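Everything numeric here is computed off the predicted structure, so don't read it as measured data. First listed ligand is number 1; within each ligand, the first listed atom is number 1.
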Amino acid sequence: MKTITVKPATSLKGDLTVPGDKSISHRSIMLGAIANGITTVRGFLRGEDNMSTMHAFRSMGVRIDDDGETLSIHGLGLHGLQEPGDVLDCGNSGTTIRLITGLLSGQSFFSVVTGDQYLRKRPMKRVVEPLTRMGARILGRNQGSLAPLAISGGLLKAIDYQSPVSSAQIKSSIMLAGLYADGETTVREPSLSRDHSERMFRQFGASLERFEDGVTVRGGYELTAQEVSVPGDISSAAFFIVAALVTPNSEIIIRNVGVNPTRTGVIDILKAMGGDIELLDQRELSGEPVADIQVRSSKLKGISISGSVVPRAIDEFPAVCVAAACAEGVTSVRDAKELRVKETDRITAMAKNLRTLGAVVSETDDGMDITGVECLAGGEVESFGDHRIAMSLSVAALVAADEITIKDVDCVATSFPTFFQILEKVAGK
Ligand code: S3P
């Protein structure tokens, strides 16, 4: 297990890019694999999570060429996937396992999906239950609620499903199954989660209708290969946005970042805290809004965060917690129980680590209260095997009084293999 020590920085400067969006990269392989024709993908994120998706589809007979710049996915059509000869290992990737389980539910073959020690603890009932209602037969540990999952799919029945949580993984899993259902499959959610699937389904020619709190997919329509350009991942950009806000004398520009409104909760939150953040040159790329993000050091203040902004910033809370620990006053987070079932329990993980660094943090069932401090202390903290915890703590180290050692940082490779190189560069080290 790799450990890293990050030293305080005096300022952050630079013009940078971050790797491609993880969510869009996953979806480009999945839809490309079941479309007719060759889908090309530029800006694909070659992190471990997306490589798990790529490997799974190769195991089902899909040819995927990678010349280092562009992926070419030789689509097999809606019914061309082949039964995999072995268990599909989704590694650490919740998006891979939950979305692929929806897709496999529509295949007339047998498959087994599993993942690493962290993924095997994460809840799967949330997709197994609706997919079973559609007619898939899925068995798993703990009454079908934990991976490995064994799936025997086939022609599915369309359902109208009200999801209890706002989750793009649940929504997308059912949408993918809906492509194989007899009729119209509808998924509704309490408030809108990221809508990359809706956008990409439309781009690939799926028959789809959107409404305020949900989406309807019509089954049986073939998809057509597309050219996909993946923007930079706002979830990766978020670490540098927070880093530049909290480090004095900083000014950075992050180019070509996806600013889909279902993902920009972090910008709204940080601006409400007093962050100087500007979106420049707003444009569109493959049906997704994109901008350059300019960030300058700012004096932050504590705010209350709850409601519909939470799913729009769900992956950015570890970074927001660091901003809160450096802000004046109390930041309270509520309606964020989902943070407890991410790669690790992110509420407990951030509370423990920030306390080690001198912040005052109390946990609630669905969130936390963080009282900022003048200056964080140095010390030894741990990632709990979660990439976003590791990267957030590296950001905290830039403004701590002393260096911070972070245990178990290999996990950073799941979403952002070049994180530490870029951090060193902008910190002028
Ligand atoms: C994702 C959805 C979110 C997010 C995850 C990626 C996706 O998960 O946390 O990192 O690509 O659909 P939930 O659907 O569990 O909220």
Answer with yes or no whether the side chains of S111 and E83 bring together a donor and an acceptor at under 3.5 Å.
no
Run the side chain to side chain donor-acceptor pair (under 3.5 Å) test against N142 and tell me which residues pass, sequence neighbours left out.
S145
Residues S172 and S197: side-chain donor-acceptor under 3.5 angstrom:
yes
Those residues at least two apart in sequence (or on a different chain) that pass side chain to side chain donor-acceptor pair (under 3.5 Å) with S415 are H387
For atom 12 (O) of ligand 1, grab the closest protein heavy atom and report residue, atom and distance to one decimal in Å.
R27 NH2, 2.6 Å
Pull out every atom of ligand 1 sitting under 4.0 Å from any heavy atom of I314, numbered as shown with elements.
9 (O)
Taking only non-hydrogen atoms of T95 and a 4.0 Å limit, the atoms of ligand 1 in range are 1 (C), 6 (C), 7 (C), 11 (O)
To the nearest 0.1 Å, how far is atom 10 (O) of ligand 1 from its closest protein heavy atom, and which atom is that?
D315 OD2, 2.7 Å
Got an N/O contact under 3.5 Å between R122 and ligand 1?
no
Looking only at heavy atoms, the pair that brings L354 and A325 closest together is CD2-CB, 4.0 Å
Going by distance only, is there an N or O of A168 that falls short of 3.5 Å from an N or O of ligand 1?
yes
Would you mind telling me which of D21, D195, D315, D268 makes a salt bridge (charged side-chain N to carboxylate O under 4.0 Å, His left out) with R263?
D21
Start with the C-alpha gap between F239 and V18, add the side-chain angles, then the distance that decides, and say whether side-chain contact (heavy atoms from CB on, under 4.5 Å) holds.
CA-CA 10 Å; F239 301 108; V18 291; over 6 Å; no
Among K342, E338, H196, which residue places a heavy atom closest to atom 8 (O) of ligand 1?
K342
Report the part of H26 in contact with ligand 1, treating N, CA, C, O as backbone and CB onward as side chain, heavy atoms under 4.0 Å; options are side chain, backbone, both, neither.
neither
Any N or O on Q169 sitting closer than 3.5 Å to an N or O of ligand 1?
yes
Candidate with minimal heavy-atom separation from atom 11 (O) of ligand 1, of S167, S23, S93
S23
